[in-house]
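Below you'll find the structure, written out as structure tokens, and then a few comments.
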Amino acid sequence: SKVQSEMKEREKAKGDNGSGFLSGITGGVKSLFGGGGDNEKKDDGEDTKTKGGISKNAKALLNTIRWAEGTLKPDGYNTWFGGRSDMDLTSMTINEVVAEQKRRLSAGEATYGKYTSAAVGAYQMMTPEAFAAAAGLSGDSKFTPENQDKMAIAGYMMGQAGMSAAEIDAPISREQIAKMAPVWASLPNMSGASQYGQPVKKYEDLVSVYEKNQKGLDASSFTATTGIAAAPGASSSGGSGGGKSSEVKPMSAEEMSDLF
């Protein structure tokens, strides 16, 4: 599947042999994020208005990941690898975003020093079309904040980190963060280090951001648990790879900030 292709590309870029990942997709996200918008404040602030079938804990965790990745800020959902946010990606379709990725790579607009990537959005997706399919979306779906959250859950958390809905909905823990460390280089493993020898966020700081976001979220806007179902067209095996990125090496939030 395309999700597996992106997973392999991320592993290759990070020098990983794939042993830390569970293959395939355990499920998509069912009819999530129907309404609401993005109301981001500052780099460790709250994104409070996403509504739909997602738990409060899951949203706080997503915001914490975005903080670690440097995208919990105004225009975070419009951010390209390298920090550019010069387009309103959230008003574009996923197909349009993919076309712009390919254009930037072809035009040489996605290279920053020794790093080349057209990773895009709040979760820095290399192949958003792959995670759209995993989340039950089409290329004609908009790259909205709600859909980006949905794609992150289906593609990264469930697909690459192998997390269950219960793990995603659980309060933050070292084990939970460590399980995502092979996916996001800014997150620490159980030893407190980056999976790839890069600068990493301290677990205690992640907890602080998580708790701050928890306090800023309106419980009435969220469900008790995140709804999960098999995504139409999602598969854990078969299919051909496609949409591969030219990412050479992941860049941490600290390294990215040094570019500007």
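Residue indices begin at 1 and follow the sequence shown. Only this structure's heavy atoms are used, side chains among them; waters, hydrogens and symmetry mates stay out. Keep in mind that this is a model prediction, so the values were computed, not measured.
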Using atom types as modelled and distance alone, determine if a side-chain donor or acceptor of T79 lies under 3.5 Å from a backbone N or O of G76. yes
- Would D149 and Y77 count as having a side-chain donor-acceptor pair, cut-off 3.5 Å? yes
Checklist entry - Under the 6.0 Å and 45° cation-pi test, does K201 pair with W67? => result yes
Taken to the nearest 0.5 Å, the spacing of L105 CG from T111 OG1 works out to 7.5 Å
In this structure, CG of N213 is separated from NZ of K56 (nearest 0.5 Å) by 10.5 Å
Residues A68 and L206: closest non-hydrogen pair is CB-CD2, 4.1 Å
Rounding to 0.5 Å, atoms CZ (F143) and CD (E100) come to a distance of 12.0 Å
Would you check if M151 and I94 make a side-chain contact, meaning some heavy-atom pair closer than 4.5 Å?
-> yes
Smallest heavy-atom separation, S55 atom then D169 atom, equals OG-OD1, 2.6 Å
| query | Just wondering, do D75 and L89 contact through their side chains at under 4.5 Å, heavy atoms? | reply | no
**OP:** State, with a plain yes or no, whether a side-chain heavy atom of M190 is found less than 4.5 Å away from one of R174.
**Re:** yes
In this structure, CD1 of I153 is separated from CD1 of I54 (nearest 0.5 Å) by 4.0 Å
Quick one: sort the F131 and Y156 rings into parallel, tilted or perpendicular, breaks at 30° and 60°. tilted
Paired with Y210, the side-chain hydrogen bond (donor to acceptor under 3.5 Å, both in side chains) test is passed by just one of T64, N57, D205, namely N57
Value for CG (L187) from CD1 (I65), rounded to nearest 0.5 Å, stands at 6.0 Å
Check: Would you say N189's side chain and A181's backbone share a donor-acceptor pair under 3.5 angstrom?
Finding: no
query: Given I177 and I172, is the side-chain contact (heavy atoms from CB on, under 4.5 Å) satisfied, shown in steps?
result: CA-CA 7 Å; I177 294 298; I172 193 170; 4.0 Å; yes
query = Quick one: does M157's side chain get under 4.5 Å of K179's, heavy atoms only?
reply = no
- How about I168 and M158: do any of their side-chain heavy atoms sit closer than 4.5 Å? yes
Of all heavy-atom pairs linking A132 and S138, the shortest is CB-O, 4.5 Å
Tightest non-hydrogen contact, residues A118 and Q101, listed as O-NE2, 2.8 Å
Scanning both residues in full, the closest heavy-atom pair of Q176 with E167 reads NE2-O, 2.8 Å
**OP:** Measure from the side-chain N and O atoms of S191 to the backbone N and O of A193, and report whether any donor-acceptor pair falls under 3.5 Å.
**Re:** no
| message | For a quick check under 3.5 Å, do D218 and S220 share a side-chain donor-acceptor pair by atom type? | response | yes
Margin query: Are R104 and W80 packed together at the side-chain level, in the sense that at least one heavy-atom pair is separated by less than 4.5 angstrom?
Written below: yes
Between the OG1 atom in T90 and the CG atom in N78, the distance rounded to the nearest 0.5 Å is 4.5 Å
All heavy atoms of Q124 vs all of G121, minimum pair found to be NE2-O, 2.8 Å
Can any side-chain N or O of Q148 pair as donor or acceptor with the backbone N or O of A122 at less than 3.5 Å?
-> yes
